[in-house]
Amino acid sequence: MIAKFDYHVPATLKEACEMKQEYGSSGVIVAGGSDVYAKLHDGNHRYDHVIDIKKIPEMKGIEWSEQEGLSLGAAVTHHEIERHPVITERYQVLVQGVRTVGSLQVRNRGTIGGNICTAAPSADGVGPLLVLNSECVIHGIGGERIVPLAEFFTGPKRTVLRSDEVLVRVRMKNPASRYGGAYFKYGRRNAMEIALLNISVYLEVDDDNKTCTEMRIALGTSAPTPIRVHKTEQYFIGKDLTDNEAVAKGGDLVIEEASPRSSWRANSNFRLTLLRQLVPRTVKTAYKSLIEE
Amino acid sequence: MDNYNVIGKPELRKDSRDKVTGATQYCCDITLTGMLHGAVYRSKVPHGKIQSVDVSGAWEVEGVRAVVTGKDVPYRIGRSIQDQTFLAIDKVRYQGEPIVLVAADTLEQAYEAVRKVKVDIEQLPAVNDVLEAVEENSPLVHEKLEEYPHIPTVRPVNGTNIYDHFTLRKGDVEKGFAEADVIVENEYECAILHHAAIENHMATAKVDASGKITVWSPAQSPFYIRGELSRALGIPENKIRIIVPPIGGGFGGKLEPRAEQLAIALAMHTKGRPVKVMFSREEDFLAGTVRAGVHFKMKTGAKKDGTIVAFESTNYWDSGAYSTISPTVTLKANVILAGPYEVKNIKTDGYCVATNKQLGTAQRGFGVAEASYAHEQQMDALAKALGMDPLEIRMKNIMVDGSKASTGETLFSVGVKECLQEAADGIGWKDHPISWITKEGKIRGRGLGTFMKFTGTPSYTSVTIKFNFDGTAIVSYSTTELGQGVGIVIPQIVSEELGIPLENISTVQVDTENTPLDKTTTSSRATFHLGNAAIKASADVKRQICKWVAFKWNTEENLVKFEKGGILVEVDAEGTPTGRTARMDQLDENSLIRNGEPILGYGSYETTNIWHKPDLETYQTERLTAMWFFGANAAEVEIDPDTGKTKVIKVVAAHDIGKALNPLGCLQQVEGGVVMGIGNTLLEEFIHRDGYLMNGNMVDFKIPTSMDTDVEIEMRLVESSPHPEGPYGAKGIGEPAMCATQSAVASAVEHALGVPVTHVPIKPETILEACRKRMEESK
Ligand SMILES: Cc1cc2nc3c(=O)[nH]c(=O)nc-3n(C[C@H](O)[C@H](O)[C@H](O)COP(=O)(O)OP(=O)(O)OC[C@H]3O[C@@H](n4cnc5c(N)ncnc54)[C@H](O)[C@@H]3O)c2cc1C
């Protein structure tokens with residue numbers, strides 16, 4: 001049962017930042033609440049103040065332009081993303097990712113900002129954003145700063161956000177006109193599942209339609225935070241993506257960069273075995289999506 | 001063939017519309033004037049001695065009206081062994097065991113007060129593993145098991161963690177194994193599972209000035225719980241009333257009193273104010289009930305031609321901190337542990353074992369799904385050892401009419417051979433290999449599973465029917481609607497018998513004070529037992545109507561005949577119709593009935609007389625049960641060698657139904673049963689570390705979601721062996737629906753991978769290893 005708390009609905013960014021600063025550890029920012037309230041339910045976590053940021057205009061809406069690319073308000077829900085026409089057309093990898101979050105009910109509540117700020121290694125929205133080279137627009141009492149998403153996480157459940165800061169938007173440039181993207185989530189069930197592992201791939205090829213010119217791979221639940229595996233990415237550059245052996249070798253490399261932990265949910269060897277199999281497979285799926293376009 | 005009007009027709013359950021639209025009012029919706037809210041302080045550790053309980057902080061919270069500790073309510077419950085008190089007194093034996101209760105004006109206050117309770121516990125080593133628990137030097141969960149009162153058929157072993165040692169002896173196994181050409185010996189394990197009904201355990205209780213107790217709860221078997229509470233509290237049964245609102249799922253878990261005794265304990269201290277206790281989902285995982293885990297050791301011997309000559313098993317059931325009805329689960333599994341195969345020599349020893357884990361109790365199938373998985377793995381192992389086809393070896397040994405069961409009794413109405421053939425045909429057994437690799441590199445396998453199960457006997461039930469002057473009828477009985485469809489099949493029977501339309505028949509909320517005595521809602525017994533009682537009750541109604549109409553027509557009672565379709569016909573002394581008739585649904589229009597005596601029909605059905613008490617040492621008997629159920633499933637699975645994940649492509653479920661009274665109801669049971677069986681086989685398990693439950697929530701305890709039910713289910717109803725004592729020949733389907741799914745899926749996985757499945761759920765980790773080997777071999 002959730003203990004009582006004061007519920008605040010700041011109308012401006014300034015107010016939100018001040019409240020966050022003021023209430024410190026007795027307060028919490030809430031967007032969809034699908035992480036916050038779930039956590040409060042166990043009775044062990046309590047906050048006296050809940051600060052709901054959903055009413056702040058800057059937090060809302062999806063903006064897109066050919067020049068600027070895509071900008072998502074932190075309070076945009078997974079469901080808004082998965083049905084947005086431009087995103088479904090140009091950012092399929094993101095749609096594939098957020099579509100695996102929980103269930104439709106959860107996606108109607110849960111926001112992309114919440115998904116990022118929870119800083120779970122398993123977050124399904126984060127990997128795709130990482131391979132799309134997203135950056136975070138952060139607002140504090142002193143003003144705004146931009147942090148690449150890849151530098152946003154400092155540890156499990158820890159981020160660069162300071163005691164007065166909130167995430168306002170996530171933005172990214174348009175992907176290349178021809179690219180391949182794929183998202184793979186490994187869980188026991190097909191819904192309501194926290195990823196035991198997830199893989200996001202973004203790739204581009206040369207005019208020969210085979211030679212890899214750009215490769216970005218992000219892993220979830222494979223390290224204390226969502227990560228990019230730069231060495232493995234580098235390995236793929238110049239490789240022929242139709243060469244199964246070459247692609248498979250990426251799997252051998254990726255497990256050098258991953259450091260999944262053992263828990264009662266799964267041991268690390270199992271996760272590594274899966275990574276070795278599934279990273280090449282996801283690369284192939286991404287490549288196929290490019291070719292078949 | 002038979003020309004029934006309603007029987008055998010697909011009919012939608014009467015409760016479905018309200019449930020789908022949200023109109024149904026469940027236990028959680030109950031609010032009574034002056035009602036208080038209860039909350040429970042539960043043990044955070046799995047095993048320990050209670051050193052002190054300090055509730056002073058709880059009393060300081062505003063709105064608190066009662067605080068109850070174990071010493072205030074030292075009452076013992078336990079279906080088999082009275083080993084459980086309402087609240088822990090000296091010791092806690094599982095994580096989540098209730099220690100202190102609080103009732104307050106609001107739920108928030110009650111929870112706040114619980115947070116203020118201080119309990120000091122000296123932790124003891126947890127008994128975590130069922131095989132370690134039976135070792136001589138194991139710590140004891142119950143120090144003095146032998147001192148608890150217990151029913152005579154349960155045999156606790158003094159100074160151990162063994163609640164019960166069940167034994168079955170048929171023939172001479174040593175001689176049998178000596179005759180065998182091959183012997184296969186294996187061990188199998190099933191994890192602990194949770195019922196995970198949508199509705200958690202809960203109860204609202206009230207104690208009036210005379211001491212009479214009223215409880216509203218989703219009690220699966222209210223008379224059983226009433227009996228338990230009456231004995232525990234030392235008050236007569238007529239002083240306890242249990243009212244059962246619609247139940248949000250039970251699956252066996254709501255057989256045990258869980259919230260009832262807590263709500264009563266509080267209500268005994270609130271001076272007449274009702275108290276409501278609702279378990280949270282987390283509490284339900286910890287302190288609801290579970291399906292026990294089990295470890296089987298199995299040994300089967302066969303001749304070269306496949307004839308099984310001996311079967312032996314020792315098995316250990318992880319029944320948790322209190323025994324509840326677990327010994328019966330052990331018993332039921334052991335009786336059918338050789339499967340529906342005729343085996344001359346059988347020896348089984350089933351141990352029901354105490355550990356510091358959640359309470360193992362009834363779950364849909366009562367141990368049969370677990371047993372089926374184990375005996376079917378043995379059949380596959382035998383087939384492999386003998387180089388036989390898995391279907392052939394099953395067919396070679398399968399039971400038929402006249403076969404002798406493990407109990408030594410001669411069986412009748414046995415349709416399992418037909419079921420096995422139907423299942424095999426449905427999956428295309430003849431036309432495909434048992435395993436192959438697809439173009440996409442996935443491994444496919446097909447498997448078979450059979451089962452047999454018996455319904456609890458002796459048993460009893462009654463049905464009453466109030467027939468109204470407008471031609472409608474209200475049917476009362478006390479078997480509860482758990483989703484099994486009793487609320488449609490009994491009206492169907494009454495409709496058929498009385499010749500009035502189905503929509504004219506309603507049923508009554510189960511209430512021990514108003515609806516007739518009934519043993520229990522378990523064991524897939526409702527259609528058979530209540531059905532028979534409903535036919536008798538209908539006959540009683542017809543007799544009374546004929547009498548009254550005869551009076552109105554001024555004729556003799558025996559000259560009014562009741563004809564099919566609900567027509568009353570007057571005949572003369574020769575039996576020739578006189579031309580005067582009346583329709584059941586128009587009696588009022590013809591002024592035939594309104595001013596008459598109330599028409600109240602009743603009928604009962606009980607099975608004491610057909611039951612022969614088995615010998616406790618050998619479990620041999622002339623007749624153990626009113627009804628045996630049989631069936632077979634065939635499954636096709638696809639395994640992804642990269643991920644170790646198993647997808648069930650298709651399940652064919654063939655059931656020896658006797659007569660399908662409502663084929664739609666059967667299909668609903670089968671679909672639900674198959675999906676539940678798949679969940680049991682591939683997903684669900686309790687994970688403990690030192691007695692602590694790691695995954696007691698809906699994210700980590702993985703029941704299938706609707707997104708995981710993408711499996712082709714084909715039902716085949718076998719009606720070639722009607723039960724001579726069943727209503728219209730019917731048997732049961734509620735539990736059978738899931739009894740052979742686990743075994744068929746496990747068999748398919750075993751065939752796909754070529755290695756035995758020694759543990760369910762089948763985890764991707766274990767499959768991955770086997771996959772790799774299989775792929776390498778086939779390269
Ligand atoms: C049943 C269920 C299933 C789930 N399944 C999945 C799944 O499959 N995949 C997955 O990735 N997640 C899953 N989740 C987790 C969760 O739904 C997502 O992470 C979701 O995106 C969180 O968004 P929210 O708006 O609800 O976050 P909230 O709960 O509102 O907040 C989450 C965290 O972020 C902080 N926060 C939120 N917005 C901001 C902001 N603008 N600035 C600073 N801090 C902020 C909050 O303080 C809090 O710490 C599931 C949750 C539930 C309850």
Side-chain angles (χ1 to χ4, degrees), chain A residues 1-5 34-35 38-46 99-107 120 122 184-199 244 248 251 262-285, chain B residues 37 39 41-42 44 106-112 114-115 278 280-283 440-441 640-647 678-679 682-689 692-710 761-769 771-772 775:
Chain A
M1 157 146 228
I2 298 182
K4 284 206 165 126
F5 52 74
S34 60
D35 277 316
K39 195 167 82 177
L40 288 183
H41 250 290
D42 70 6
N44 298 326
H45 295 83
R46 307 183 76 172
R99 204 169 256 166
T100 69
V101 172
S103 61
L104 187 59
Q105 295 91 327
V106 175
R107 296 198 294 277
S122 58
F184 186 90
K185 175 175 182 172
Y186 188 87
R188 304 281 300 278
R189 288 192 291 214
N190 296 325
M192 299 300 270
E193 190 70 351
I194 304 299
L196 272 181
L197 199 76
N198 63 46
I199 301 162
N244 282 339
S262 283
S263 73
W264 55 265
R265 289 195 178 90
N267 72 33
S268 73
N269 266 339
F270 172 58
R271 293 192 223 244
L272 288 172
T273 312
L274 288 174
L275 277 175
R276 173 182 263 148
Q277 303 292 334
L278 298 174
V279 166
R281 184 152 132 183
T282 312
V283 167
K284 279 190 214 163
T285 312
Chain B
H37 298 267
Y41 179 95
R42 297 182 179 279
K44 297 179 175 39
T106 70
L107 194 55
E108 288 80 2
Q109 291 164 342
Y111 270 79
E112 186 60 28
V114 161
R115 265 193 290 272
M278 294 200 288
S280 68
R281 180 59 70 182
E282 288 71 20
E283 286 179 290
E440 294 78 28
D640 183 333
D642 289 345
T643 61
K645 289 224 288 192
T646 303
K647 176 167 168 39
I678 291 174
L682 299 178
L683 294 170
E684 298 163 32
E685 65 178 331
F686 263 24
I687 300 173
H688 285 93
R689 292 281 181 271
Y692 290 91
L693 179 63
M694 308 310 288
N695 61 334
N697 62 70
M698 282 297 199
V699 172
D700 291 313
F701 181 81
K702 302 191 185 296
I703 59 173
T705 70
S706 56
M707 302 292 283
D708 301 289
T709 56
D710 170 27
I762 307 169
K763 306 246 288 194
E765 287 89 327
T766 28
I767 286 191
L768 218 48
E769 211 27 60
C771 270
R772 184 126 343 95
M775 294 304 273

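Basis for what follows: all heavy atoms, side chains included, without hydrogens, waters or symmetry-related copies.
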Interface moiety of B/Glu112 toward chain A, non-hydrogen atoms closer than 4.5 Å: side chain
Pairwise side-chain contact, B/Lys702 with A/Met192, heavy-atom cut-off 4.5 Å (strictly under): no
A/Arg271 vs B/Glu765 side-chain heavy atoms within contact, under 4.5 Å: no
Under 4.5 Å from any heavy atom of chain B - which part of A/Thr273: side chain
Interchain contact, B/Asp710 with chain A, by part (heavy-atom threshold 4.5 Å): neither
Over all atoms of both residues, closest heavy-atom pair of A/Arg189 and B/Val699: NH2-O, 3.4 Å
Worked check of side chain to side chain contact (heavy atoms under 4.5 Å, CB included) between B/Glu684 and A/Arg188: CA-CA 10 Å; B/Glu684 298 163 32; A/Arg188 304 281 300 278; over 6 Å; no
Non-hydrogen side-chain atoms of B/Glu108 and A/Ile2 separated by less than 4.5 Å: no
Interchain contact, B/Thr643 with chain A, by part (heavy-atom threshold 4.5 Å): both
Interchain contact, B/Arg689 with chain A, by part (heavy-atom threshold 4.5 Å): side chain
Heavy-atom contact with chain B under 4.5 Å, split by part of A/Arg276: neither
Any donor-acceptor pair under 3.5 Å from B/Lys645 side chain to A/Gly187 backbone: yes
Sidechain-backbone polar pair: A/Arg265 side chain, B/Asp700 backbone, donor-acceptor under 3.5 Å: no
Donor-acceptor under 3.5 Å (A/Asn190 side chain, B/Met707 main chain): yes
Aromatic A/Phe270 / basic B/Lys763 pairing, under 6.0 angstrom, 45° off normal: no
Heavy-atom contact with chain A under 4.5 Å, split by part of B/Leu768: side chain
Which atoms of B/Leu107 approach chain A - backbone, side chain, both or neither, heavy atom under 4.5 Å: both
Residue among A/Lys4, A/Glu193, A/His41 with most heavy-atom pairs under 4.5 Å to chain B: A/Glu193
